[in-house]
Amino acid sequence: MSYKKIIPYINAENEIPGHVLKLAEEYSYGGADELLIYNYSKDEKSREEFLSLAKELSKQIDIPFIIGCYVERLEDIKKAIYTGADAIQTKYALLNNKELLKEASERFGSDKIMVELDMLDCMDSDSEDLCHILADYKVGKVLLKHVALSANSIEKIEASPLPIIIRDSLIRNDISSLLKISNVVGVSTNFFENKDIMKAKHALKAESVVVNTFESKLAFSEFKLDANGLIPVVVQDYRSNEVLMLAYMNEEAYNKTVVTGRMTYYSRSRQELWLKGETSGHYQYVKALSLDCDNDTILAKVLQIGPACHTGSKSCFFNELVKKEYKDIDPFHVFKDVYGVILDRRRNPKEGSYTNYLFDKGIDKILKKCGEEAAEIIIAAKNPGAEELRYEIADYLYHLMVLMAECNLDWDDITTELAHRK
């Protein structure tokens with residue numbers, strides 16, 4: 001079911017990158033549905049610095065984000081999208097070549113292209129209907145700013161052929177009134193800096209606005225509890241699947257977790273609720289909660305801030321009891337481990353290392369080897385059997401990882417891009 005979105009915006013112009021990233025993380029943790037980060041500077045150096053910031057942002061947050069920037073040519077749009085952004089937004093008033101919008105939509109998809117309009121321009125009865133013009137250009141969404149709610153403006157918004165995001169500081173307008181407009185899919189605002197977005201969402205939900213909140217599909221009464229009314233919770237890192245800790249919940253802790261989106265437990269020793277991270281700052285943000293087949297254990301996938309264990313260890317499970325040697329053939333772990341060795345060779349050269357030989361020879365040699373290995377794959381694929389092909393693909397992937405290290409890319413960059421395309 002579709003829902004109305006809260007989309008905080010961050011003005012990155014003349015702002016310290018570290019502050020932008022920190023604020024973006026806080027919004028991401030706190031329940032924002034998307035982010036809008038913008039810098040409309042025309043200066044080439046400032047634009048490149050902004051795109052570098054957007055690339056870093058794509059590694060640190062896991063919610064969709066839109067970047068607003070100045071656009072002169074298709075290459076500018078391509079660079080912006082290649083940062084990992086889910087969409088690019090440009091100001092209609094600053095766009096000299098309007099046909100560029102259609103060209104970009106056809107190249108990257110209309111859902112990737114947004115345009116910012118001033119509501120005052122849309123209300124001018126003598127001007128052309130800008131939203132219909134943008135629809136002809138295959139634009140995906142329109143962001144409207146300077147919206148003064150009236151019967152006339154609401155009618156204009158609802159008549160738009162394109163979905164609308166309203167940008168508003170929420171000083172004069174109420175977010176509920178904006179989101180209740182039928183064609184409005186979200187509100188972009190800076191109002192929620194240092195405020196509880198999840199609390200605002202539950203207030204909107206109470207006003208029958210459909211928003212994205214956690215809802216339990218089963219009542220706590222359907223869980224099988226121990227003699228003390230508690231259920232164990234196995235906590236897992238949502239990215240790596242590493243088991244972090246085990247704790248317990250009673251009904252109040254479970255309900256509070258679902259409402260706030262932060263893991264809250266029941267302390268058996270203190271006999272009270274405890275919000276994980278309240279003292280240390282090492283909060284756990286809910287990604288998913290699942291119940292096992294017997295309804296007596298919860299599996300929580302979380303985004304863990306800092307270490308999970310009170311000892312400072314990432315996981316509470318670090319006391320090894322028994323172990324049998326085995327090969328870890330999980331594909332992603334293997335890729336990361338091999339890449340880690342390659343990166344270590346780059347940082348700490350080892351005499352006689354083939355990897356260091358490639359780094360010493362430089363990018364041209366590495367590219368030549370990648371090309372040779374790609375050709376070997378083609379030849380091997382034409383031969384019967386898969387053994388030779390398997391060997392050549394492994395060779396190619398190794399050289400590809402050397403290239404990645406040379407160009408300062410890692411597997412997180414690649415998997416993020418693939419996930420973004422999915």
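Only a predicted model underlies this, so the values are computations on that prediction, with no experimental measurement involved.
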What's the spacing between Lys301 NZ and Ser290 OG if we round to 0.5 Å?
7.5 Å
At what distance, to the nearest 0.5 angstrom, does CG of Leu74 lie from CD of Glu106?
10.5 Å
Would you say Phe318 and Thr311 make side-chain contact, with heavy atoms under 4.5 Å?
yes
Please examine the side chains of Val286 and Met263, heavy atoms only from C-beta on, and report whether any two atoms are closer than 4.5 Å.
yes
In Å and rounded to the nearest 0.5 Å, what is the CG to CD1 distance from Leu389 to Ile379?
12.0 Å
Enclosure of Glu155 CD (heavy-atom neighbours >12, cutoff 6.0 Å):
no
A side-chain contact here means heavy atoms from C-beta on lying under 4.5 Å apart; do Leu289 and Leu299 qualify?
no
Go through Glu272 and Ser267 one step at a time and tell me if the side chain to side chain donor-acceptor pair (under 3.5 Å) criterion holds.
CA-CA 5 Å; Glu272 63 182 12; Ser267 170; over 6 Å; no
Are Lys59 and Asp412 ion-paired here, with the side-chain N under 4.0 Å from a carboxylate O?
no
List the steps and the verdict of side chain to side chain contact (heavy atoms under 4.5 Å, CB included) for Ile6 and Val187.
CA-CA 5 Å; Ile6 295 178; Val187 166; 6.0 Å; no
Is there a donor-acceptor contact under 3.5 Å from the side chain of Ser58 to the main chain of Gly84?
no
Which residue in the set Glu26, Glu25, His19 passes side-chain hydrogen bond (donor to acceptor under 3.5 Å, both in side chains) when paired with Lys22?
Glu26
One thing to verify: whether Glu49 and Lys45 come together as a salt bridge, which I'm taking to mean a side-chain N less than 4.0 angstrom from a carboxylate O.
yes
Got Ile231 and Phe220 here, is their nearest side-chain heavy-atom distance under 4.5 Å?
yes
For the residue pair Phe223 and Tyr254, does the interplanar ring angle fall in the parallel (under 30°), tilted (30 to 60°) or perpendicular (over 60°) class?
perpendicular
To the nearest 0.5 Å, what is the distance between NE2 on His310 and OG1 on Thr279?
13.0 Å
Output the distance between atom OH (Tyr38) and atom CZ (Arg167), rounded to the nearest 0.5 Å.
3.5 Å
Hey, are the side chains of Ser28 and Asp62 touching, using non-hydrogen atoms and a 4.5 Å cut-off?
yes
Should Arg73 and Glu103 count as an ion pair when the cut-off is N to O under 4.0 Å?
no
Quick check against the 3.5 Å criterion: does Ser313 have a side-chain atom that pairs as donor or acceptor with the backbone of Cys309?
no
Which is it for Lys276 and Tyr265 under the side chain to side chain contact (heavy atoms under 4.5 Å, CB included) test, yes or no, and what are the steps along the way?
CA-CA 7 Å; Lys276 174 66 176 173; Tyr265 305 104; 3.8 Å; yes
Kindly indicate whether a cation-pi arrangement holds for Lys102 with Tyr137, taking the cut-offs as under 6.0 Å to the six-membered ring centre and within 45° of the axis.
no
Side-chain heavy atoms of Phe214 within contact of Val259, under 4.5 Å:
no
Going by atom types only, do Tyr40 and Gln89 share a side-chain donor-acceptor pair under 3.5 Å?
yes
Exactly one of Asn39, Val71, Asp76 clears side chain to side chain contact (heavy atoms under 4.5 Å, CB included) with Arg47, and that residue is Asp76
If you apply the rule side chain to side chain donor-acceptor pair (under 3.5 Å), what do you find for Asn183 with Glu158, and how did you get there?
CA-CA 5 Å; Asn183 203 29; Glu158 290 183 335; over 6 Å; no
Ring centres under 6.0 Å, that's the criterion: do Tyr285 and Tyr29 meet it?
yes
Could you go through Val115 and Leu143, starting from their C-alpha distance and side-chain angles, then the distance that decides it, and tell me whether this counts as side chain to side chain contact (heavy atoms under 4.5 Å, CB included)?
CA-CA 6 Å; Val115 172; Leu143 182 137; over 6 Å; no
Run the salt bridge (Lys or Arg N to Asp or Glu O under 4.0 Å) test on Lys79 and Glu48 for me, step by step, so that the C-alpha distance in whole Å, both residues' side-chain angles and the decisive distance to 0.1 Å come before the verdict.
CA-CA 9 Å; Lys79 284 183 177 181; Glu48 289 299 324; 3.2 Å; yes
Within 6.0 Å of CD1 in Ile16, more than 12 heavy atoms from elsewhere
no
Enclosure of Phe332 CZ (heavy-atom neighbours >12, cutoff 6.0 Å)
yes
Criterion side chain to side chain contact (heavy atoms under 4.5 Å, CB included) on Arg270 and Trp274, from CA distance to verdict:
CA-CA 9 Å; Arg270 300 192 304 272; Trp274 60 286; 3.2 Å; yes
Test your reading of the model: is there a side-chain donor-acceptor pair from Ser315 to the backbone of Val243, 3.5 Å cut-off?
yes
Relative to the ring of Phe108, is the ring of Tyr82 parallel (under 30°), tilted (30 to 60°) or perpendicular (over 60°)?
perpendicular
Heavy atoms of other groups near Lys256 NZ, more than 12 under 6.0 Å
no
So CG of Leu162 and SG of Cys131: to nearest 0.5 Å the spacing works out to 6.0 Å
Side chain proximity check, Val20 to Leu53, heavy atoms < 4.5 angstrom
yes
Test item: Leu144 and Cys122 side chains (from C-beta on) under 4.5 Å apart, heavy atoms
yes
Honestly, is Lys98 close enough over Tyr92, meaning NZ or CZ under 6.0 Å from the six-membered ring centre and within 45° of the axis?
yes
For the NZ atom on Lys138, are there more than 12 heavy atoms of other groups (residues, nucleotides or ligands in this structure) within a distance under 6.0 Å?
no
Can you tell me if Thr355 and Tyr398 form a side-chain donor-acceptor pair at under 3.5 Å?
yes
